[in-house]
Amino acid sequence: QVQLVESGGGWVQAGGSLRLSCAASGRTFSSHAMGWFRQAPGKEREFVAAISWIGDSTYYADSVLGRFTISRDNAKNTLYLQMNSLKPEDTAVYYCAASWSSEIVVDITSYSSWGQGTQVTVSS
């Protein structure tokens, strides 16, 4: 099991940027595909982005494609989400998650470990 702790959330005006980090504990971080999800008030948790175990493959939700970048540093056991050109509709609690798979998966049920989440608020 991988323990995950997100950081970097906050308040930003529309058009601004934030960088989220997810620190993982455990020696198996580098063997897991990782993902970012988000959940807005009153809505279901949704997929944002995913990255393979080695970081050579990434996949994004259409709503963030071209604005967000997922990356990882396996030497530091850390996952990142660079968020640019933020919009009010990006406001949500953002969660990082570790998959049981080493390759990219989008299905939320394929993720077995979750962080506690970090709030991102984008004002218009």
Side-chain angles (χ1 to χ4, degrees):
Q1 196 81 341
V2 179
Q3 282 74 50
L4 304 170
V5 179
E6 302 95 337
S7 62
W11 177 89
V12 65
Q13 288 189 323
S17 299
L18 284 174
R19 189 194 195 198
L20 304 183
S21 298
C22 174
S25 61
R27 293 179 294 174
T28 62
F29 171 77
S30 61
S31 65
H32 296 272
M34 298 293 295
W36 286 99
F37 291 77
R38 66 187 182 187
Q39 187 167 18
K43 295 187 177 181
E44 293 187 353
R45 193 169 299 188
E46 66 175 5
F47 170 80
V48 175
I51 189 167
S52 62
W53 70 281
I54 201 173
D56 60 344
S57 297
T58 57
Y59 189 79
Y60 298 91
D62 288 344
S63 58
V64 306
L65 185 63
R67 299 188 298 122
F68 290 11
T69 302
I70 188 172
S71 61
R72 66 190 298 164
D73 186 337
N74 286 344
K76 295 182 178 180
N77 276 12
T78 304
L79 176 73
Y80 303 99
L81 185 68
Q82 178 66 45
M83 304 186 296
N84 298 329
S85 302
L86 282 161
K87 305 175 181 180
E89 50 263 45
D90 294 319
T91 295
V93 177
Y94 283 71
Y95 299 89
C96 67
S99 172
W100 49 261
S101 172
S102 60
E103 298 304 326
I104 289 176
V105 288
V106 175
D107 184 359
I108 194 171
T109 62
S110 296
Y111 288 82
S112 54
S113 298
W114 293 83
Q116 84 290 347
T118 185
Q119 176 70 47
V120 172
T121 303
V122 184
S123 64
S124 57

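Residues: numbered from 1 along the sequence shown. Note that these values count all heavy atoms, side chains included, but never hydrogens, waters or copies made by symmetry.
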Show your working on side chain to side chain contact (heavy atoms under 4.5 Å, CB included) between Trp114 and Ile108 and close with a plain yes or no.
CA-CA 11 Å; Trp114 293 83; Ile108 194 171; 3.6 Å; yes
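Note that Arg67 lies outside the cation-pi zone of Tyr60, set by a 6.0 Å cut-off to the ring centre and a 45° limit from the axis.
Side-chain contact between Trp36 and Leu79 is present, with at least one heavy-atom pair separated by less than 4.5 Å. A heavy-atom distance below 4.5 Å is not found between the side chains of Val122 and Glu89. By the 4.5 Å heavy-atom criterion applied to side chains, Leu20 and Val120 are counted as neighbours.
Taking OH from Tyr111 and CZ from Phe37, the interatomic distance works out to 4.5 Å, rounded to the nearest 0.5 Å. For the atom pair CE (Met34) and CG (Leu81), the distance works out to 11.5 Å, reported to the nearest 0.5 Å. How far CG of Asp73 is from CZ of Phe29: 8.0 Å, rounded to the nearest 0.5 Å. To the nearest 0.5 Å, atom CD1 of residue Ile54 and atom OG of residue Ser31 are 12.0 Å apart. The OG atom of Ser21 lies 13.5 Å from the CZ atom of Arg72; values are rounded to the nearest 0.5 Å.
Residues Tyr95 and Val105 are members of one and the same hydrophobic cluster, defined by side-chain heavy-atom contacts under 4.5 angstrom among Ile, Leu, Val, Met, Phe, Trp and Tyr. Val2 and Ile104 end up in different hydrophobic clusters when Ile, Leu, Val, Met, Phe, Trp and Tyr side chains are linked at under 4.5 Å. Put simply, Tyr80 and Phe68 are part of two different groups of oily side chains (I, L, V, M, F, W, Y) that touch within less than 4.5 Å, one to the next. Taken together through direct or relayed side-chain contacts under 4.5 Å among Ile, Leu, Val, Met, Phe, Trp and Tyr, Leu65 and Tyr59 form parts of separate hydrophobic clusters.
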Per-pair distances, 0.1 Å, donor-acceptor, side chain in residues 12-19, under 3.5 Å, sequence neighbours excluded:
residue	atom	partner	partner atom	Å
Ser17	OG	Asn84	OD1	2.9

Which atom pairs, one a donor and one an acceptor, fall under 3.5 Å between side chains of residues 46-53 and the rest of the protein, sequence neighbours left out?
residue	atom	partner	partner atom	Å
Glu46	OE2	Arg38	NE	2.7
Glu46	OE2	Arg38	NH2	3.2
Ser52	OG	Gly55	N	3.4
Ser52	OG	Asp56	N	3.3
Ser52	OG	Asp56	OD1	2.7
Ser52	OG	Ser57	N	3.2

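The backbone N or O of Cys96 sits less than 3.5 Å from a side-chain atom of Glu6, completing a donor-acceptor pair. Listed for the Ser99 side chain is a donor-acceptor partner under 3.5 Å among the backbone atoms of Ser110.
Side chains of Ser25 and Gln3: a donor-acceptor N/O pair is present below 3.5 angstrom, by distance only.
Between Val5 and Gln116, the shortest heavy-atom distance links the atoms CA-OE1, 3.7 Å. Looking at every heavy atom in both residues, Leu4 comes nearest to Ala24 through CD2-CB, 3.6 Å. Shortest non-hydrogen contact noted between His32 and Trp100 is ND1-CA, 4.4 Å.
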